Amino acid sequence: MNIAVIGSGFGGLSAAIRLAARGYNVTVIEKRDKPGGRAYVWQQDGFTFDAGPTIITAPQFIRELFQLSGKKTEDYVKLVPLDPFYCVRFCDGSVFRYTGDTESILRQIREFNPEDEEGYRRFYKAAETVFKKGLPLMEQPFTRFGDMLKVAPDMVQLQSYKSVAGFVNQYIKDERLRQVFSFHPLLIGGNPFQSTSIYAMIHKLEQEFGIWFAIGGTGALVKGLVQLFQDIGGKLLLGAEVAEIGMDEKTGRATGVALKTGEFVPADAVVSNADVAHTYLNLVPARFRRKYTDRKVRGMRYSMSLFVVYFGTDCRYESMAHHEIIMGPRYRELMRDIFQRKRLAEDFSLYLHRPTATDPSLAPPGCDCWYALSPVPNLDSQTDWKAMAKPYRDAIIQFLEQRYLPDLSKHIVTERYIDPLHFRDTLNSYKGSAFSVEPILTQSAWFRPHNQSEDVPNLYFVGAGTHPGAGLPGVMSSGKIVAEMIGRVSV
């Protein structure tokens with residue numbers, strides 16, 4: 001059985017490795033000159049920048065790929081645990097060191113607001129319940145409405161109708177602590193005030209499995225997975241942009257993948273790790289799409305985008321951790337600006353990544369490697385990024401210099417940045433969305449674009465836009481789901 005996988009992100013690689021391990025002939029087709037999708041890597045002036053995902057949790061999803069291939073993870077990549085997971089910093093100067101040590105978390109809660117200690121204990125128990133019932137749902141497909149009905153009672157019990165922030169706020173009173181325990185949806189493209197409370201399980205997920213880092217950066221993990229894929233017989237095509245998915249006019253089934261070079265890759269099944277909206281709107285002709293019409297695809301809600309500044313400094317800022325979450329002066333109102341008003345605000349909250357805190361080899365001796373990530377509206381905002389990118393970059397650097405990284409502008413020796421136009425034009429993300437379909441209740445599980453296309457029976461989806469959603473555990477789970485679905489069909 002020949003299988004073509006469009007895109008080499010973590011979802012695509014997860015599916016490709018699992019399918020190759022089953023003995024199928026698998027070809028991964030990647031538009032760019034390097035594998036990884038959003039997990040692209042830039043080398044610049046002696047610095048190594050991971051372009052995309054940098055937070056690794058639930059490493060068992062990674063180790064499982066090596067185990068089922070009969071290989072050892074440590075022969076391909078070295079994963080190390082991080083402590084703290086994040087430092088969460090607030091405008092008043094307070095810092096919460098988010099860790100896997102429960103006693104440390106309780107001690108800090110008492111320092112922030114003693115009255116919230118008992119509330120946190122109750123929140124943790126509730127998040128644990130969500131985790132126990134929600135995690136198995138990540139590994140099962142929702143292809144029939146009956147699948148949704150089976151879990152509906154659990155969804156009601158878990159208060160899935162509430163937002164993550166609403167779920168947290170019923171237990172926690174201190175505004176800073178509310179942010180500490182509710183910001184996680186932003187890491188998967190969601191608004192904490194609108195994303196379903198099922199995502200509150202991320203707190204328990206992190207407590208259970210930790211936060212990890214691949215020595216050499218996320219790109220080293222991509223490299224290890226690609227090597228594994230090729231070692232078990234997989235084929236990788238780079239610099240191969242897909243023009244269209246070939247279709248049989250009589251059966252409505254995919255016949256393979258047509259490249260812009262004119263080459264055709266025949267396949268018995270096609271797995272798309274490309275953006276779901278891009279796949280339907282640009283790769284599958286409209287006459288084959290009765291369910292996912294142009295109107296339906298364009299009518300879905302899409303996640304925010306990102307503005308990311310990558311920079312290297314000729315000094316080290318030892319006071320900063322590997323992962324820093326820097327909260328701005330507004331929380332709820334900033335989320336409204338990004339997700340609802342679709343306007344670029346003057347203030348921002350940032351995720352600051354300093355991988356050289358763990359692996360100094362990513363920068364020249366005595367230097368630090370960074371990126372500063374700001375959630376911004378997708379291209380529905382009509383922001384003129386060609387005009388706004390440089391001023392927005394300057395505002396971020398100035399803010400960091402004034403608050404956290406003294407004399408930063410003097411110490412930057414190399415840099416680059418990306419904005420929503422990069423997500424649209426380079427990554428083929430509809431509306432420049434960084435995480436595809438927004439993770440709200442009415443776009444989750446059965447309501448999310450299915451792992452098996454409802455229009456083309458042998459077209460499958462992995463990645464952020466399908467079930468279960470964005471984030472490394474989510475996209476790698478989608479690869480597992482699809483591999484098992486194809487395996488059942490071909491038996």
Side-chain angles (χ1 to χ4, degrees), residues 6-7 9 11 31 37-38 142-143 145 185 188-191 194-196 241-245 247 252 254 257 270-306 335-344 375-386 419-457 459-470 474-475 478:
I6 303 171
K31 168 187 174 182
R38 281 166 170 72
F142 283 81
T143 56
F145 188 63
I188 56 171
N191 179 351
Q194 294 181 317
S195 296
T196 169
E241 187 168 1
V242 175
E244 192 172 66
I245 293 172
M247 298 293 299
V257 173
V270 174
V271 178
S272 180
N273 188 201
D275 181 69
V276 168
H278 175 80
T279 301
Y280 276 130
L281 294 175
N282 299 98
L283 304 184
V284 180
R287 63 185 180 279
F288 296 102
R289 293 186 278 112
R290 293 184 178 180
K291 172 87 177 198
Y292 278 88
T293 62
D294 288 6
R295 181 178 180 181
K296 178 176 174 62
V297 172
R298 290 175 176 141
M300 292 190 292
R301 282 174 51 175
Y302 293 87
S303 84
M304 83 289 200
S305 192
L306 301 172
M335 296 303 105
R336 282 179 177 160
D337 283 343
I338 294 171
F339 288 91
Q340 293 162 275
R341 300 179 183 125
K342 301 289 177 70
R343 74 177 187 92
L344 185 65
V376 297
N378 62 37
L379 292 172
D380 277 343
S381 70
Q382 304 299 311
T383 300
D384 182 359
W385 280 105
K386 291 183 178 179
D419 57 34
L421 297 178
H422 171 83
F423 286 92
R424 183 192 69 186
D425 300 337
T426 301
L427 298 174
N428 293 338
S429 296
Y430 186 59
K431 296 187 177 184
S433 161
F435 302 89
S436 192
V437 179
E438 188 179 347
I440 55 177
L441 182 59
T442 54
Q443 294 186 160
S444 297
W446 183 81
F447 300 110
R448 202 167 183 81
H450 294 184
N451 298 103
Q452 182 178 14
S453 171
E454 295 169 87
D455 290 310
V456 184
L459 170 62
Y460 300 84
F461 288 98
V462 296
T466 188
H467 174 71
V475 300
S478 72

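Starting from 1, each residue takes its place in the sequence as its number. Not measured: the values here are computed from a predicted model.
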So, does D337 use its side chain to make a donor-acceptor pair with the main chain of R343 at under 3.5 Å? no
Test item: R448 side-chain N/O and V437 main-chain N/O as donor-acceptor pair under 3.5 Å
yes
Separation between CZ (R38) and CG (L306), nearest 0.5 Å, reads 9.0 Å
Looking only at heavy atoms, the pair that brings V276 and F461 closest together is CG2-CD2, 3.9 Å
> Would you say S478's side chain and G463's backbone share a donor-acceptor pair under 3.5 angstrom?
Replying inline: yes
Are the side chains of L344 and S381 in contact, using a 4.5 Å heavy-atom criterion?
no
Closest non-hydrogen contact found for A254 with I245 is CB-CG2, 3.8 Å
Heavy-atom check, side chain of D419 versus side chain of T383, under 4.5 Å:
no
Evaluate V284 against D455 for side-chain contact (heavy atoms from CB on, under 4.5 Å), listing each step before the verdict. CA-CA 10 Å; V284 180; D455 290 310; 6.0 Å; no
For G432 and S305, the nearest pair of non-hydrogen atoms, with its separation, is O-OG, 2.6 Å
Passes side-chain contact (heavy atoms from CB on, under 4.5 Å), N428 versus T279? Steps please.
CA-CA 9 Å; N428 293 338; T279 301; over 6 Å; no
Residues D275 and S436: closest non-hydrogen pair is OD1-OG, 3.4 Å
In short, P185 meets N191 closest at the heavy-atom pair CB-C, 4.4 Å
- prompt: If we only count heavy atoms from C-beta on, is the V257 to V270 side-chain gap below 4.5 Å?
  reply: yes
If you measure from the Lys or Arg side-chain nitrogens to the Asp or Glu carboxylate oxygens, is any gap between D294 and R289 under 4.0 Å?
yes
So CG of L459 and CE of M247: to nearest 0.5 Å the spacing works out to 8.0 Å
Between the NE2 atom in H278 and the CG atom in L427, the distance rounded to the nearest 0.5 Å is 11.0 Å
Worksheet item: Within a strict 4.5 Å, meaning less than it, do heavy atoms of the W385 and L379 side chains meet?
Response: yes
> Any sub-3.5 Å donor-acceptor pair from S444's side-chain atoms to P439's backbone N or O?
Replying inline: no
Rounded to the nearest 0.5 angstrom, the NZ-CG distance for K431 and D380 is 3.5 Å
Quick check against the 3.5 Å criterion: does E438 have a side-chain atom that pairs as donor or acceptor with the backbone of R301? no
Separation between CZ (R424) and CG (N378), nearest 0.5 Å, reads 11.5 Å
(request) Before giving the answer on side chain to side chain donor-acceptor pair (under 3.5 Å), spell out for Y292 and S453 the whole-Å C-alpha distance, their side-chain angles and the decisive distance to 0.1 Å. (result) CA-CA 9 Å; Y292 278 88; S453 171; over 6 Å; no
Checklist line | Side-chain heavy-atom pair M304, F435 within 4.5 angstrom cut-off | finding: yes
Rounded to the nearest 0.5 angstrom, the OG-CD1 distance for S303 and I440 is 11.5 Å
Check whether the ring centres of Y280 and Y430 lie less than 6.0 Å apart, and answer yes or no. no
- prompt: Is a side-chain N or O of S433 found less than 3.5 angstrom from the main chain of Y302, in a donor-acceptor match?
  reply: no
Check your understanding: With a cut-off of 6.0 Å (strictly less than), are more than 12 heavy atoms of other residues, nucleotides or ligands near CZ of R341?
Key -> yes
